[in-house]
Amino acid sequence: MKEKLKIGIFSFTSCEGCELTIFENSEEFTKMLNYVDIVNSRLIKEKNPEVNLDIAIVEGSIMSKKEAEELVKIRERSKILISLGTCAGSGCVQALRNFFSDRLKKKIIKEAQTEAFEKVKALDEIVKVDYYARGCPIDADDFYRIIKLIINNQIPRRYDVAVCKECKENENSCLLIKGIPCLGPVAYGGCKAICVTKGSYCAACRGVIRNSNVDSLRNVLKDRCKLSDKEINELFQQYNNVRGVREIKKLIKVKEQLRQDLYA
Amino acid sequence: MFLLKKQNLRNFIDALSQNEAKLKVIVPIQKDDGTIYYDEYEKNKDKEIIIEGRTDFSPKKYFLPEIEEIANFEKSENEVIIKEVLNNEKRIIFGIRPCDLNALLFLDEVLIKYMYPDKNYEARRKNTILIAIDCLEACNKSCFCSYLGTNIAKGYDICLTKIKEGFLVREGSNIGKNLLEKDGIRKILEKTDKEPKQISFECKNKINVEKIEELLEKNFESKVWQEEAERCLNCTSCTQVCPSCYCFYVKDELGFDDKKSRRLKCLDSCFLDRFSRISRDFVFRKSNKAKLRQFVCHNFYYSLVRNKMIKCVGCGRCIDVCPVKINIVEIIKKIRGYDGK
Ligand code: SF4
Ligand code: SF4
Ligand code: SF4
Ligand code: SF4
Ligand code: SF4
């Protein structure tokens, strides 16, 4: 048998719910342990030595210089780095702080004399990320799909299929047609369209697909759902660490040029 | 010809589901949000069976499921054992509409008769009994089946026509004939010499398909493609609800232990980059214009050349599900309008 891969699981600012999702699927988790050694995980291990890793799985957004430095160190000693969940992928709800008023920001950051950055960051704003396990929280099947491919020496392919595909697989009626807002057409799928299927709308918690037609969706949200520009911006702000449509378009363009999030 | 009294419809379906072969009966029902789709009768006995109008989703999933295991492989000491998987569940689909029946006839042409038979589709097709319901009028404002002849039921085992007293029941195959003669079923039916009226309605959404392959061939570079495709979201809703779309890709799902690795056939869509992605991340049909043109031309041009049938059966579903109101009939009208200009 091949030598086991050394894995470390790290948490920055987050609820650690994504990490929990990994352990929750106990069947897959125990199978995974035949192929990997978890050498670092605050949640399940007492001793967490700083050793070189085959795979670093990193959850959480980066809030301070200290966290950023730690992340750089993890990157330096890991062959592969997987971003786990939306906090790591975009900043998630912590990043909503980025859009507070200057006065409020000053009070909670400067006056509190915290070490915190003024802007909450995603991992890929600081280090290179190899693969993304997306979602708030992640989907366990999606995560194990990525891990299995890596263990089998394959490259996890990018899954740039909109949430709508899985939404239709579940035979849902489309919210947009009924005039209810939904970001499914521009959101990375892989979540089984769980929110729409359970009666809510898609808030694009898994991120916005690099070459998706954001402008056209904006028109639908305006014409069919009667949303104002401000409301549309708020929808994109919830999970994607952007002020609104203009910034999300810029972000996905930059990612396209840097060939970022090409995989998983 | 038999008569099935209105009040006996449920008894008829009950009798079908109690037949000795233990076939699963699939019926069109409605979700709480209003969506009409097909599901197992056994699990939905309290629900109303929807026999009028178009179903939002066709029963395509019973022939081409979103994901289907077609093989699995197991690694032992020094060999790999590959097992093919064929679905052999037997079913009755009750209430399938003429458009969706015609779509199955098109799929048979492509997936069974043309070049390489798709064993999985063929097995599912063979194992399914089709009980159709005639449409007596256009089901909504977007369908255009009457201009394609797909408003006439074909290829069914049994067909029901609604009349005042209930339904006229006729057989379309030996399987259907035998089924109607089964004890539990025969006693619900009465013999009658009434005949169903000729189906002769016209849909509101008019389409002219005369020499359509020539029209589309000539207008391959028409500006209409770009004009219409610009707003496409690549959401794939249209190809997914289309009863005659069949594209799939095959992927291997690896297990942690080599025992459980599976080969899966998954439905795809020509609106996705992934559809035409090859090595080095190169996508050769990347623009929305080319993607939409593929969708329309496959429906009305390539299928005619290759399979001598129009792929589209005019159900109008792709029109109704498109969030940006891209409309296959309007596109063809527009191209005809621009033709030669
Ligand atoms: S409800 Fe949302 S996710 Fe579902 S098809 Fe419509 S836009 Fe897409
Ligand atoms: S449906 Fe949208 S919001 Fe819900 S999990 Fe999927 S990507 Fe996230
Ligand atoms: S192309 Fe549209 S109208 Fe034609 S069969 Fe498919 S969904 Fe129905
Ligand atoms: S190429 Fe497109 S239109 Fe044709 S069957 Fe495939 S998905 Fe449907
Ligand atoms: S449903 Fe409309 S927006 Fe979605 S892929 Fe089809 S044509 Fe494009």
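By convention in this document, chain letters (A, B, ...) are assigned in the order of the sequence lines, proteins followed by strands, and residues within each chain are numbered from 1.
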- Message: Side chains of B:Glu253 and A:Arg145, heavy atoms from C-beta outward: is any pair under 4.5 Å?
- Response: no
- Region of A:Glu28 that comes under 4.5 Å of a non-hydrogen atom in chain B: both
- Reported CG-to-CG distance for the pair A:Asn152 and B:Asp252, which is rounded to 0.5 angstrom: 10.5 Å
- What's the spacing between A:Asn34 CG and B:Phe256 CZ if we round to 0.5 Å? 9.0 Å
- Query: Do the side chain of B:Gln240 and the main chain of A:Lys165 share a donor and acceptor less than 3.5 angstrom apart?
  - Reply: yes
- Message: If you count heavy atoms of other groups shown closer than 6.0 angstrom to CG of A:Leu33, is the number above 12?
- Response: yes
- Item | Winner by heavy-atom pair count (cut-off under 4.5 Å) against chain A, out of B:Leu233, B:Thr236, B:Asn288 | B:Leu233
- Message: Let me confirm one number: the CG-NZ distance from B:Asp33 to A:Lys178, rounded to the nearest 0.5 Å.
- Response: 4.5 Å
- Message: If I compare all heavy atoms of B:Pro323 with all of A:Cys174, which pair ends up nearest, and what's the gap?
- Response: CG-SG, 4.5 Å
- Task: Could you please state which residues from residues 220-238 of chain A sit under 4.5 angstrom from chain B, measuring non-hydrogen atom to non-hydrogen atom, sorted by number, or 'none'?
- Result: A:Val220, A:Arg224
- Step through the shown structure and confirm whether more than 12 heavy atoms of other residues, nucleotides or ligands are within 6.0 Å of NZ on A:Lys253. no
- Message: Quick check on the interface: out of B:Phe57, B:Phe271, B:Tyr37, who has the most heavy-atom pairs with chain A under 4.5 Å?
- Response: B:Phe57
- Query: For the atom pair CG (A:Asn172) and OG (B:Ser237), what is the distance rounded to the nearest 0.5 Å?
  - Reply: 10.5 Å
- With respect to chain A, which residue among B:Asn234, B:Asp273, B:Asp281 yields the maximal number of heavy-atom pairs within a distance under 4.5 Å? B:Asp281
- Note on the structure: Per-residue tally against chain B (heavy atom, under 4.5 Å) across A:Val161, A:Leu175, A:Leu217 peaks at A:Val161
- Task: Give a yes or no answer on whether the side chain of B:Lys31 reaches the backbone of A:Glu171 with a donor-acceptor pair at less than 3.5 Å.
- Result: yes
- Message: Set out, in order, the CA-CA distance, both residues' side-chain angles and the distance that settles side-chain contact (heavy atoms from CB on, under 4.5 Å) for B:Arg277 and A:Arg157, then state yes or no.
- Response: CA-CA 11 Å; B:Arg277 181 176 289 140; A:Arg157 298 290 315 180; 3.1 Å; yes
- Query: When rounded to the nearest 0.5 angstrom, what is the spacing between SG in B:Cys235 and CG in A:Leu176?
  - Reply: 8.5 Å
- Query: Quick one: what part of A:Ser173 sits under 4.5 Å from any heavy atom of chain B, side chain, backbone, both or neither?
  - Reply: both
- Message: Does B:Asp46, at its CG atom, have more than 12 non-hydrogen atoms belonging to other residues, nucleotides or ligands within less than 6.0 Å?
- Response: yes
- Query: Distance-only, no hydrogens or angles: does the A:Asn213 side chain make a donor-acceptor pair with backbone N or O of B:Glu230 under 3.5 Å?
  - Reply: yes
- Query: How about B:Ile50: does its CD1 atom have over 12 heavy atoms from other parts shown lying under 6.0 Å from it?
  - Reply: yes
- Query: How many angstroms lie between CZ in A:Arg158 and CZ in B:Arg274, if you round to the nearest 0.5 Å?
  - Reply: 12.0 Å
- Message: I'd like to know if B:Arg231 pairs up with A:Asp215 as an ion pair, taking the criterion as any Lys NZ or Arg NE/NH1/NH2 lying under 4.0 Å from an Asp or Glu carboxylate oxygen.
- Response: no
- Message: Within a 6.0 Å radius of atom NZ on B:Lys325, are there more than 12 heavy atoms belonging to other residues, nucleotides or ligands?
- Response: no
- With a cut-off of 6.0 Å (strictly less than), are more than 12 heavy atoms of other residues, nucleotides or ligands near NZ of A:Lys31? yes
- Message: Other residues, nucleotides and ligands only: do more than 12 of their heavy atoms fall within 6.0 Å of CD on B:Glu48?
- Response: no
